[in-house]
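Counting begins at 1 with the first residue of the sequence.
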Amino acid sequence: MEKLVMRGGVWLFVALLLLLAAAASSDWAFSVHMSIACLAALIAAFASGKGFDFLSQRYPVLSADNASKYDDDLIRFGLIATIFWGLAGFLAGLYIALQLAFPALNLNFEYTTFGRLRPLHTSAVIFAFGGNALIATSFYVVQRTCRARLAFPSLARFVFWGYQLFIVLAATGYLMGVTQSKEYAEPEWYVDLWLTVVWVSYLAVFVGTLMKRKEPHIYVANWFYLSFIITVAMLHLVNNVSLPVSLVGSQSYSAFAGVQSAMTQWWYGHNAVGFFLTAGFLAMMYYFVPKQAERPVYSYRLSIIHFWALIFLYIWAGPHHLHYTALPDWAQTLGMVFSIVLWMPSWGGMINGLMTLNGAWDKIRTDPIIRMMVMSLAFYGMSTFEGPMMSIKAVNSLSHYTDWTIGHVHSGALGWNGMVTFGCLYYLAPRLWGRERLYSLRMVNWHFWLASAGIVFYASAMWVSGIMQGLMWREYGADGYLVYSFVETVDAMFPMYLIRAFGGLLYLTGAIVMTVNIWKTIAGSPLRQEAPMTETPYNPEADRPAVAVPAE
């Protein structure tokens with residue numbers, strides 16, 4: 001009891017400090033953020049004083065009754081948070097897509113302009129939706145593959161709730177115009193410091209669980225999760241080195257300037273894609289595809305080669321974002337070469353995932369969850385071919401600064417990251433809540449086709465729009481002047497923007513269908529009466545990865 005009172009007292013002291021910072025702030029935005037953080041500290045103090053663990057209203061100390069079970073309360077909330085932030089991010093994306101087609105939707109209000117909402121959309125999808133999916137699945141996978149409960153359970157809860165606070169601070173900051181103006185790294189200095197604390201705690205929980213494992217072998221998915229956690233920490237720390245103007249103000253100045261700033265930013269930006277959106281999601285693929293297919297990984301040897309080749313090559317590819325800039329030509333060429341070479345290990349991973357279905361290809365016809373996972377692997381293969389191709393200088397001269405890049409990013413994000421995450425959520429929901437199966441498999445099928453059609457409309461519209469832009473921008477007449485003005489290129493893209501928004505609407509509709517399906521599964525609603533579509537029933541005894549038997 002004394003520990004609980006002490007813990008509550010610490011949170012109250014933190015709340016007091018935050019309140020004083022809000023009162024002494026030099027700008028309105030910092031005051032708002034300190035007030036939000038103060039409210040979060042007060043909630044933590046109240047919960048700690050009551051002995052809550054923030055999730056199930058139980059004491060965080062393990063009792064004899066639950067010491068042998070996996071710690072899944074946190075993962076349940078992680079699944080719900082993933083769906084919530086996904087819907088928010090997809091809705092924001094649809095709205096800003098419509099703003100590009102209909103500028104009146106900016107509403108002449110600073111908080112609803114495209115410039116404020118665009119980083120809100122990207123961060124909501126990448127860090128809120130994707131980040132929560134990665135944290136939840138990593139905690140699920142590391143326990144099962146290590147046959148051990150999460151190390152430091154209270155710290156694990158701090159990671160989850162601390163990450164939600166980071167999302168709220170970042171999102172409200174974007175709306176207020178508080179930003180470092182760095183792609184994928186917009187939050188200001190104090191939000192970055194908070195994320196650093198949360199991320200180091202995440203690393204401690206994950207590594208601690210690995211160290212207390214009862215399984216001698218470290219499954220390959222954990223290698224990918226670990227590389228994602230460590231590398232993102234390194235990227236975050238270096239790229240966000242800055243000097244605040246005031247310790248009670250939101251503005252800061254980056255430690256880097258000019259071409260050094262650009263190089264550091266795109267070393268960070270490309271590797272955020274490489275390790276946050278690729279390595280982490282490959283970890284999900286390496287666990288959940290074999291589990292859903294009930295087959296071992298096709299080649300464990302290939303998975304290890306895939307891992308080491310990927311993490312070595314990816315870290316060098318960032319300069320391809322800076323072709324034809326002030327960056328030295330040798331650095332641009334280095335980024336291009338490593339990007340092209342990166343195609344091989346990427347496809348090795350795709351092939352390994354697809355070939356895991358050897359002997360189970362019929363499941364694509366009968367299991368919509370497997371179908372979703374296979375589609376994600378197909379988009380992973382396509383994006384990791386298109387990316388190296390676009391890094392070639394001759395191709396980049398046409399594609400750079402155009403909607404082709406937008407199409408490339410979204411075919412990967414919606415097709416690879418989105419689809420594999422949906423498949424994992426569908427796998428987890430009945431198992432985490434002890435249900436026989438999902439409420440409806442036909443609704444999964446509807447989600448699959450809505451999402452697939454949405455991606456096709458979106459990506460194809462942006463590919464056409466981007467190539468059209470590039471060609472119009474470089475079209476010269478006989479007199480040596482540009483044939484088209486910038487306004488004419490914007491006008492020509494209008495139909496493509498409508499098609500893109502329609503694709504986004506389909507994708508959002510699919511996500512809403514998923515939300516209803518999973519909500520009814522969680523609520524224990526009677527299974528929807530529908531034509532049979534086989535799915536493997538949940539077997540708690542088999543909730544460990546299949547034995548890794550290489551195919552060779």
Side-chain angles (χ1 to χ4, degrees), residues 79 133 137 140-141 144-145 219-221 281-300 302-303 306 347-382 414-432 435-453 455-456 510 513-514 517-518 521 527-551:
L79 183 145
T137 57
Y140 182 91
V141 170
R144 268 72 182 176
T145 54
Y219 185 62
V220 67
F281 286 85
L282 283 169
M284 293 161 63
M285 181 274 284
Y286 270 119
Y287 180 85
F288 290 100
V289 170
K291 290 295 290 185
Q292 186 67 24
E294 296 185 301
R295 292 290 187 277
V297 172
Y298 170 69
S299 171
Y300 203 80
L302 179 58
S303 72
H306 174 212
W347 272 35
M350 175 198 66
I351 292 167
N352 210 6
L354 290 175
M355 293 303 290
T356 297
L357 270 72
N358 252 0
W361 289 107
D362 61 297
K363 290 179 180 287
I364 297 178
R365 178 175 52 84
T366 59
D367 185 349
I369 301 175
I370 276 288
R371 193 180 307 153
M372 205 161 250
M373 292 176 171
V374 168
M375 179 66 85
S376 76
L377 285 164
F379 272 102
Y380 174 62
M382 184 193 70
L414 303 180
W416 158 234
N417 300 117
M419 287 293 213
V420 75
T421 301
F422 297 147
C424 294
L425 295 177
Y426 283 130
Y427 176 92
L428 287 172
R431 289 161 174 81
L432 290 173
R435 308 301 181 213
E436 179 186 348
R437 66 168 177 82
L438 286 166
Y439 167 72
S440 169
L441 292 177
R442 291 287 173 181
M443 289 176 74
V444 179
N445 204 38
W446 271 102
H447 182 194
F448 171 82
W449 288 112
L450 283 167
S452 298
I455 297 166
V456 170
V513 170
M514 176 193 70
N517 196 2
I518 290 182
T521 301
L527 299 181
R528 186 167 178 261
Q529 298 301 310
E530 55 194 14
M533 191 175 235
T534 59
E535 183 193 58
T536 305
Y538 173 46
N539 177 10
E541 298 300 322
D543 207 357
R544 289 178 57 196
V547 178
V549 181

- [ ] Could you give me the CA-CA distance, side-chain angles and deciding distance for Leu282 and His306, then say whether side-chain contact (heavy atoms from CB on, under 4.5 Å) is met?
- [x] CA-CA 10 Å; Leu282 283 169; His306 174 212; 3.5 Å; yes
Task: From CA spacing to verdict: side-chain contact (heavy atoms from CB on, under 4.5 Å), Arg371, Trp449 - done: CA-CA 10 Å; Arg371 193 180 307 153; Trp449 288 112; 4.0 Å; yes
TODO: Start with the C-alpha gap between Leu357 and Val289, add the side-chain angles, then the distance that decides, and say whether side-chain contact (heavy atoms from CB on, under 4.5 Å) holds.
DONE: CA-CA 8 Å; Leu357 270 72; Val289 170; 4.1 Å; yes
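Of the N and O atoms on the side chains of Asn352 and Tyr286, at least one donor lies less than 3.5 Å from an acceptor on the other residue. No donor-acceptor contact under 3.5 angstrom links the side chains of Asn517 and Arg528, judged on distance only.
Residues passing the side chain to side chain contact (heavy atoms under 4.5 Å, CB included) test with Asp362, sequence neighbours excluded: Arg365. The side chain to side chain contact (heavy atoms under 4.5 Å, CB included) test applied to Leu450 returns Leu506, Thr509, Val513, not counting sequence neighbours. Residues forming a side chain to side chain contact (heavy atoms under 4.5 Å, CB included) with Ala378 (at least two apart in sequence, or on another chain): none. Evaluation of the side chain to side chain contact (heavy atoms under 4.5 Å, CB included) rule for Leu527 yields Glu436, Arg437 as partners, not counting sequence neighbours. Every residue meeting the ring-ring contact (aromatic ring centres under 6.0 Å, His included) condition with Trp347, not counting sequence neighbours, appears here in chain and number order: Trp343.
What you find for Met284 and Thr137 is that their closest heavy atoms are CG-OG1, 3.5 Å. Residue Ala360 comes nearest to Ala293 through the heavy atom pair CB-O, 4.2 Å, listed as atom of the first residue, atom of the second, then distance. Of all non-hydrogen atoms in Ile369 and Asp367, the two that sit nearest each other are N-OD1, 2.9 Å. Heavy atoms only, all atoms of each residue included: Pro430 and Leu438 are closest at CD-CD2, 3.9 Å. When every heavy atom of Val220 is checked against every heavy atom of Ser303, the shortest pair comes out as CG2-OG, 3.7 Å.
No donor-acceptor pair closer than 3.5 Å links the side chain of Thr356 to the backbone N or O of Val297. Between the side chain of Tyr287 and the backbone N or O of Tyr219 there is no donor-acceptor pair closer than 3.5 Å. Judged purely by atom type and a 3.5 angstrom limit, Arg295 has no side-chain atom pairing as donor or acceptor with the backbone of Pro290. Looking only at distances, a side-chain donor or acceptor of Ser376 sits under 3.5 Å from a matching main-chain atom of Met373.
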Throw together a table of side-chain donor-acceptor distances under 3.5 angstrom for residues 414-422, partners on residues two or more places apart or in other chains.
unit_1	atom_1	unit_2	atom_2	d
Trp416	NE1	Leu277	O	3.1
Asn417	ND2	Leu277	O	2.6
Thr421	OG1	Asn417	O	2.7

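Taking NE2 of His447 as the reference point, atom OH of Tyr426 lies at 5.0 Å (rounded to 0.5 Å). If you take CZ on Arg435 and CD1 on Ile518, they are separated by 13.0 Å, rounding to the nearest 0.5 Å. We find the CG-OH distance between Leu428 and Tyr140 to be 5.5 Å, quoted to the nearest 0.5 Å. Lys291 contributes atom NZ, which lies 9.5 Å from atom CZ of Phe288 (distance to the nearest 0.5 angstrom).
Residues Tyr380 and Met285 form no side-chain contact, since every pair of their non-hydrogen atoms from C-beta on lies 4.5 Å or further apart.
For Trp361, the CH2 atom counts as densely surrounded, since its 6.0 Å shell holds more than 12 non-hydrogen atoms of other residues, nucleotides or ligands.
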